[in-house]
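One structure is given below, encoded as structure tokens.
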Amino acid sequence: MDYNKLAELLLPNTTMTREDVFAKFPKRNLKEGAQVTRMAPSPTGFIHLGNLYSALADERIAHLSNGIFYLRIEDTDLKRKVEGAVDTIINVMKYFGIEFDEGAGQEQNSHNTYGPYFQRQRVEYYHVFAKELIKKGLAYPCFCTEEDNNSLREAQQRENATPGYYGKWAKCRNLTLEEIEENLKSGKQWVLRLKSPGDENKEITIEDKIMGKISFPENVHDIVILKSDGVPTYHFAHVVDDNLMGTTLVIRGNEWLSSVPTHFQLNQVLGFKQLKYAHTAHLMKMENGGKRKLSKRKDPELSLDFYRRDGYHPYTVKIYLLTLLNSNFEEWHDRNGDKDINEFPFSVKKMSQSGALFDLQKFHDICKKEFSKMTLEEVYSFLENWTKEYDKEHYQIYFGNREYMEQVLTLCMGLNQKRRRKDFAYAKQIMASLSYFFDDTFVPATQYPYDNETVKAVLTKYLETYDEKDDNSQWFSKVKVLAEELGFTTDMKAYKKEPEKFKGSVAQVSEIIRIAVTGLSNTPDLCTICQIIGKDIMKERIVNTINSL
RNA sequence: GGCCCGGUGGUCAAGUGGUCAAGACACCGCCCUUUCACGGCGGUAACACGGGUUCAAAUCCCGUCCGGGUCACCA
């Protein structure tokens with residue numbers, strides 16, 4: 001077979017040579033040890049926690065080594081394309097503190113020289129290498145239709161053979177040049193397949209940066225490398241691009257592990273240096289007592305929108321991901337609270353081989369801890385931005401008066417205390433807990449833990465003695481006096497020992513007041529709440545309560 | 001089903017031949033306390049199973065079981 005003729009027949013318009021291509025993609029000029037990593041999503045625009053998880057690993061590896069982290073869009077499948085996806089991806093990543101040095105969306109940068117970063121715009125390059133393979137007799141056109149492939153599968157099932165297009169099953173493998181010309185002339189669609197030189201009895205071994213040494217049988221499948229529209233499949237595009245673009249470490253999900261033999265072989269036949277890989281474990285979720293991969297359809301916590309909508313601080317998401325990524329991060333972070341997390345010596349080797357379960361409780365704990373380290377200024381602006389975007393109707397109510405809101409936050413988040421409160425994990429939760437500070441959102445209680453007469457008596461006496469100038473201890477002394485007058489004990493120890501001996505304790509008295517003023521039985525310091533909302537509002541709420549009984 | 005990966009408390013995990021098998025989250029108890037938190041102290045709880053190798057095995061080997069991934073003109 002005249003392979004040169006075949007090559008011209010199949011790809012007549014490809015005139016560039018391998019050398020021409022290499023001239024456009026020279027070896028990167030980087031310092032010793034600098035790593036080049038990439039995020040390579042398809043342009044659906046849907047970025048989930050798993051993407052962020054592995055992108056964070058990419059970003060850390062690149063930046064810790066003074067290397068490059070770039071964005072390449074794998075748009076070889078038109079069905080996956082969504083308008084505006086690239087901007088979405090870039091914005092989402094930015095929101096979570098991950099920025100690209102190079103790639104799609106960075107076209108204004110002068111050093112953005114390994115593009116185009118959209119695979120559809122690189123078709124001419126793939127064709128150069130495809131044509132080379134044809135010339136070497138390592139690739140051939142396949143005219144099989146979908147039906148052909150279906151019946152192939154059925155036949156293989158009947159014979160209990162491994163499914164796939166390979167060896168003796170590969171019908172188009174040995175077509176003559178004449179047959180091919182004939183098919184082409186009659187306008188039949190074709191794909192380009194690799195003529196796999198693999199031997200299933202031989203093994204290849206790779207050293208995965210996370211998994212370690214792994215051996216596989218060689219690939220024997222004549223995989224499609226160019227689809228009928230001339231666009232490459234993932235496998236082919238990946239191998240060509242990561243070589244041309246100088247990726248030093250391909251970090252990708254576990255689901256790719258089994259195609260390593262294919263990629264290894266592609267590298268080999270193309271005469272490239274083998275790529276280095278790090279296959280990351282998936283984020284898992286517990287369900288019905290078993291672990292399973294997080295699914296974007298079923299699990300809202302996988303969608304990054306979820307974190308934005310509920311107002312999780314992006315920094316806390318990053319911290320959580322980092323603790324999953326490198327188990328020694330948490331300890332490091334605790335010990336080096338003053339250091340920028342980017343100083344953490346992130347390592348691929350420390351990444352787990354098995355899938356971590358997404359643990360909402362653990363995540364919340366981290367959120368609370370991180371919130372407790374933020375300044376009033378940080379907390380305020382974060383909440384303000386969140387409310388502006390996700391709770392518009394309450395924005396004016398909550399943020400109309402900055403000084404007031406600052407007082408509220410200072411109290412509720414314990415900002416003026418040595419030990420901060422750690423009640424809150426996300427904005428939605430915080431804002432919901434603040435409603436009683438605002439008349440528009442205050443919801444009076446309908447139930448009291450005591451009979452109406454007692455409640456009335458407590459509230460009436462409380463109003464009589466209340467003085468807004470009292471400090472906390474003065475205020476509480478008065479509550480105590482009031483409690484005793486009404487037959488409640490202030491001896492908490494005695495009360496706890498034998499509660500049945502008393503009508504109740506000062507704790508209940510406080511509770512009654514608390515409920516009347518806030519509508520809730522659990523709140524931060526009551527005295528301060530009364531000071532913040534002011535005597536008038538406090539009085540109004542109490543009077544309304546008395547009247548309603 | 002073939003191939004590949006994994007399996008330490010409920011969860012995330014240290015661990016690479018000798019430890020009473022760390023730590024964190026969750027849970028429980030006690031203390032602090034006007035509620036809720038915070039904080040302090042303490043506690044329950046694990047090497048999937050069976051065989052080897054070895055003076056010694058969570059760690060090395062084999063088998064079993066369980067979980068996951070993958071077998072497209074999708075990535």
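Residue numbering restarts at 1 for every chain, and letters A, B, ... go by the order of the sequence lines.
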Determine the contact category for A:Asn472: base if any of its heavy atoms lies under 4.0 Å from a base atom, sugar-phosphate if only primed atoms, P, OP1 or OP2 are that close, otherwise nothing.
base
Does a side-chain N-to-carboxylate-O contact under 4.0 Å join A:Glu511 and A:Arg514? no
Discussion item. Treating A:Gln274 as the side-chain partner and A:Asn267 as the backbone partner, does any N or O pair qualify as donor plus acceptor under 3.5 Å?
Written reply: no
Do A:Lys493 side-chain and B:rU33 base share a donor-acceptor contact under 3.5 Å?
no
Next on the checklist: Applying a 4.0 Å non-hydrogen cut-off, can you work out what A:Arg252 is touching in the nucleic acid: base, sugar-phosphate, or nothing?
Outcome noted: nothing
Pairs under 3.5 Å (Watson-Crick or G-U), crossing ones as [ ], inter-strand ones as |: RNA chain B comes out as ((((((((.[[[..)..(....]]].(((((.......)))))....[[[[[..)....]]]]])))))))....
Considering only heavy side-chain atoms of A:Glu255, the closest of B:rG69, B:rC25, B:rC4 is B:rG69
With rounding to whole Å, what would you report as the distance between B:rU11 and B:rA26 at their C1' atoms?
8 Å
Considering every strand and a 4.0 Å limit on heavy-atom distances, what is the contact class for A:Glu511: base, sugar-phosphate, or nothing? nothing
Nearest heavy-atom approach of A:Tyr166 to A:Ala161 is OH-CB, 4.2 Å
Pairwise P distance for B:rU44 and B:rA24, with rounding to whole Å: 15 Å
Checklist line | Under 3.5 Å: donor-acceptor pair, side chain of A:Glu370, backbone of A:Val317 | finding: no
Would you say the side chain of A:Ser258 and the base of B:rU70 hold a donor-acceptor pair, judged only by whether the two atoms sit under 3.5 Å apart?
no
Quick note, A:Arg421 side chain, CB onward, closest among B:rC3, B:rC36, B:rA13 is B:rC36
Count the heavy atoms belonging to other residues, nucleotides or ligands that lie under 6.0 Å from NZ of A:Lys428, then report whether that count exceeds 12.
no
Taking the P atom of each, how far is B:rA48 from B:rA21, in whole Å? 15 Å
To the nearest angstrom, the CD1-C1' distance between A:Ile366 and B:rU11 comes to 12 Å
| said: Using only modelled atom types and a 3.5 angstrom limit, is any donor from either the side chain of A:Arg80 or the base of B:rC74 paired with an acceptor on the other? | reply: yes
For A:Asn160, which contact category applies under a 4.0 Å heavy-atom criterion: base, sugar-phosphate, or nothing?
-> nothing
Winner on side-chain proximity to A:Lys350, out of B:rU35, B:rG15, B:rA75, is B:rG15
Between A:Thr323 and A:Lys369, the residue closer to the 5' end of RNA chain B by nearest nucleotide is A:Thr323
inquiry  = With a 3.5 Å cut-off and heavy atoms only, can you find an N or O donor on one side and an acceptor on the other between the side chain of A:Ser327 and the base of B:rC12?
reply    = no
(Q) Under 4.0 Å, counting only non-hydrogen atoms across every strand here, what does A:Val479 touch: a base, just sugar-phosphate, or nothing? (A) nothing
Ring-on-base stacking B:rC3 with A:Phe216 (under 5.5 Å, under 30°): no
Residues 218-240 of chain A vs salt bridge (Lys or Arg N to Asp or Glu O under 4.0 Å), sequence neighbours excluded, gives A:Arg120-A:Asp229, A:Arg173-A:Asp222
Pick base, sugar-phosphate or nothing for A:Arg419, based on heavy-atom distances below 4.0 Å to the nucleic acid.
sugar-phosphate
* Asked: Looking for any heavy atom pair under 4.0 Å, which part of the strands does A:Ser259 touch: base, sugar-phosphate only, or nothing?
  -> nothing
With A:Glu74 as partner, the option from A:His238, A:Arg80, A:Gln119 fulfilling side chain to side chain donor-acceptor pair (under 3.5 Å) is A:Gln119
With the side chain defined as heavy atoms from C-beta on, A:Leu257 is closest, among B:rC5, B:rC25, B:rU34, to B:rC5
With a 4.0 Å cut-off on heavy atoms, is A:Ser372 in touch with a base, just the backbone sugar-phosphate, or nothing at all?
nothing
Residue pair A:Val506/A:Phe363 against RNA chain B: nearer the 5' end by closest nucleotide is A:Phe363
What is the nucleic acid contact for A:Cys412, judged by heavy atoms within less than 4.0 Å: base, sugar-phosphate only, or nothing?
nothing
- Task: Check whether more than 12 heavy atoms from other residues, nucleotides or ligands sit under 6.0 Å from atom NZ of A:Lys195, and answer yes or no.
- Result: yes
